[in-house]
Novice: 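Below you'll find the structure I mean.
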Amino acid sequence: MKILENVIANKNLLFTDASTGASTPVGTLYRSLGLNPVEKGLIFLYNDNQVSSIEVLLNFYGTAHAIAVLGQKLHPEFKERLEAEYRPKYIFDPSRDEVQGYSLKEFSETVKIFAKEGYQPEVTIHPDIKILLSTSGTTGVPKLVKLSDENLYQNAVSILQYMPILESDVVPLNVPINFVYGFSIFTTNCMRAGRIVCTDKDIMQKAFWDEMEAYGYSTLGGVPYLYENLNRIGFFRKDSTSLRYMTHTGGVINAELRKTIFNYCHEFEKQFFAQYGQTEAGGRMAYLTTDGLLEEETSIGTPVHGGSFQIDPETDELLFLHSSISGGYANKLEDLSTYEQPKVLHTGDTGRRGQNGLYYITGRIKRIMKLFGIRLNLDEVEFILKNELEGNTVVCLNGNDKKIIVLYDNIEIDPEIVKETIKNKLRINPQYVRTEHIESFPLSQNGKINYPLLQNLQHENI
């Protein structure tokens, strides 16, 4: 268990409960439940980023169990469907008082876990499967990515080659660990940093900033939508003295916001790492440092240490090679009997390699539409609009290959400017553009804008 071994080796690491300030050393927390290290099975860990969730994760990581890390706020029906498909031995879910077919077992004064009554193993889980994480695109199908300890360790080691983590760092778990980016933040910082603050507060809540001032957070992480919101509330206009660096993944940040972040970092001596990654590769696959924010505004940078990219000559799909590539997908318990790691990951993104050696994402294969025979990349249209609208959030959708649908949440945006921009930049008649104001964008569990939901809603209106 290389991840756990390296976490334990960071002997001065503390885990702090943000709400109470109580801290527990890593040496105490990881073996607090008295588990049998050779016991095998599957545990569903419904995470809320609180100390108890982290305690369960670390304790079970040191056993032969496979751990499915899921969001505690999942819809009850979705939880039931997942549990029916996988029939886990244990379920950790503080949000429920009972689970049919399970008895609540007290493992410690603070940790209670549901144990399956009359449990009999139905499938021999492949020994390489350690962590199961939901893909970021999951909207209703119980599709989990099978990750090994080696996958996660190799990805963490690659990240530590460029990430400036110090043993004095105080790191908030503001990104859920059931999201692969949050899990990656968790593992890398547990291996190097000094304190992990367990919090369920959102960056847009005042309570989070009170905690940041109280504990002196060294870093923040988030998806583009989070940084767009930080810009709105004026975060980049003043210094946060404890903050040393920020990280991002989940899509390209628009040019105007990149300029703002670059100027903030330059003025207040911070670092910013724009990153690209997928669950299927254990987290982070490429990175761009602060200096690249201005010169390479659409670049994902260079592959992480030990990894490489290729461009498929026929489809322009970006391919990734690294030892962190996962062992496939699972849709039900029986799928956990196998672990087959491919040499190449098909990302589903289209990309190109610049003459400077940096890589660029040009869109998603599924985000391509044909408007009366004209091939359009909706990600590129969205990027053009965001730049023209000074970094405001917009979402572009496919209107059955008949119209481009543009959604925006800032009431001050003039829809005529949207149509004129598309006309001037892309030479598309405004009659084929539909604009619509939306009160707020629905978000998925990982904090990204929920494109599949928006697309489905638009199909209902078309």
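All of these numbers come straight from a predicted model, not from anything done at the bench.
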Novice: Between Ser218 and Arg244, does any side-chain donor sit less than 3.5 Å from a side-chain acceptor?
Specialist: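 No.
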Novice: Evaluate Glu436 against Arg434 for salt bridge (Lys or Arg N to Asp or Glu O under 4.0 Å), listing each step before the verdict.
Specialist: CA-CA 7 Å; Glu436 182 181 331; Arg434 194 182 97 204; 3.3 Å; yes
Novice: Validate the cation-pi geometry between Lys130 and Tyr61: distance from NZ or CZ to the six-membered ring centre under 6.0 Å, angle to the ring axis within 45°.
Specialist: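 Lys130 over Tyr61 ring: yes.
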Novice: Measure the acute angle between the ring planes of Phe272 and Tyr227, then classify it against the limits of 30° and 60° as parallel, tilted or perpendicular.
Specialist: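 Phe272 and Tyr227: perpendicular rings.
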Novice: Glu380: what forms a side chain to side chain donor-acceptor pair (under 3.5 Å) with it, not counting sequence neighbours?
Specialist: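 Not a single residue meets the side chain to side chain donor-acceptor pair (under 3.5 Å) criterion with Glu380.
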Novice: What do the steps show when you test Phe268 against Tyr264 for ring-ring contact (aromatic ring centres under 6.0 Å, His included), and what is the final call?
Specialist: CA-CA 6 Å; Phe268 298 114; Tyr264 170 81; 5.3 Å; yes
Novice: Inspect the surroundings of CD in Gln100 and state if more than 12 heavy atoms from other residues, nucleotides or ligands are less than 6.0 Å away.
Specialist: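 Count not over threshold, so no.
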Novice: Looking at Thr350, Thr362, Leu345, Ile361, which one forms a side-chain contact (heavy atoms from CB on, under 4.5 Å) with Leu318?
Specialist: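 Only match with Leu318 under side-chain contact (heavy atoms from CB on, under 4.5 Å): Ile361.
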Novice: Check the orientation of Tyr225 and Phe441. Use parallel for under 30°, tilted for 30 to 60°, and perpendicular for over 60°.
Specialist: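 The arrangement is perpendicular - the two ring planes meet at more than 60°.
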Novice: Less than 4.0 Å between a side-chain N and a carboxylate O, is that true for Asp93 and Lys79?
Specialist: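 Yes.
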Novice: Would Asp128 and Lys146 count as a salt bridge (Lys or Arg N to Asp or Glu O under 4.0 Å) here? Give the steps.
Specialist: CA-CA 9 Å; Asp128 284 343; Lys146 298 183 282 190; over 6 Å; no
Novice: Using ring centroids (six-membered ring only for Trp), state whether His437 and Tyr408 fall under 6.0 Å.
Specialist: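 Between Tyr408 and His437, the centre distance is under 6.0 Å.
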Novice: Heavy-atom count check: over 12 atoms from other residues, nucleotides or ligands less than 6.0 Å from Glu77 CD?
Specialist: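 Incorrect, the count does not exceed 12.
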Novice: Are more than 12 heavy atoms from other residues, nucleotides or ligands located less than 6.0 Å from atom CD of Glu213?
Specialist: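 Atom CD in Glu213 is not packed in, count stays at 12 or less.
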Novice: I want to check something: taking the side chain as every heavy atom from C-beta on, are Pro303 and Tyr287 in contact at a cut-off of under 4.5 Å?
Specialist: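 Side chain of Pro303 against side chain of Tyr287, heavy atoms only: no contact under 4.5 Å found.
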Novice: Going by the salt bridge (Lys or Arg N to Asp or Glu O under 4.0 Å) test, which pairs reach into residues 225-243, not counting sequence neighbours?
Specialist: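 Found Glu228-Lys386, Arg232-Asp409, Asp239-Lys270.
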Novice: Please name all residues satisfying side chain to side chain donor-acceptor pair (under 3.5 Å) with Ser53, sequence neighbours left out, ordered by chain then number.
Specialist: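 For Ser53 the side chain to side chain donor-acceptor pair (under 3.5 Å) partners, ignoring immediate neighbours, are Asp48.
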Novice: For the residue pair Leu336 and Leu144, establish whether any side-chain heavy-atom pair is separated by less than 4.5 Å.
Specialist: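 A side-chain contact is absent here, since even the closest heavy-atom pair is not under 4.5 Å.
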Novice: By side chain to side chain donor-acceptor pair (under 3.5 Å), which residues pair with Glu280, not counting sequence neighbours?
Specialist: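 Here the qualifying residues are Tyr329.
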Novice: Is a donor from one side chain sitting under 3.5 angstrom from an acceptor on the other, for Tyr181 and Thr247?
Specialist: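 Side-chain D/A pair, Tyr181 to Thr247: present.
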Novice: Could I get the full list of salt bridge (charged side-chain N to carboxylate O under 4.0 Å, His left out) partners for Arg195, not counting sequence neighbours?
Specialist: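 Partners of Arg195 under the salt bridge (charged side-chain N to carboxylate O under 4.0 Å, His left out) test: none.
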Novice: For a 4.5 angstrom cut-off between non-hydrogen side-chain atoms, does Tyr432 reach Ile404?
Specialist: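 Tyr432 does not reach Ile404 side chain to side chain.
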Novice: Ignoring hydrogens and angles, write down the donor-acceptor pairs under 3.5 Å from the side chains of residues 415-423, residues two or more places apart or on other chains.
Specialist:
residue : atom : partner : partner atom : Å
Thr421  : OG1  : Ile417  : O            : 2.8

Novice: Could you tell me how the ring of His322 sits relative to the ring of Phe320: parallel (under 30°), tilted (30 to 60°) or perpendicular (over 60°)?
Specialist: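 The rings of His322 and Phe320 lie parallel, inter-plane angle below 30°.
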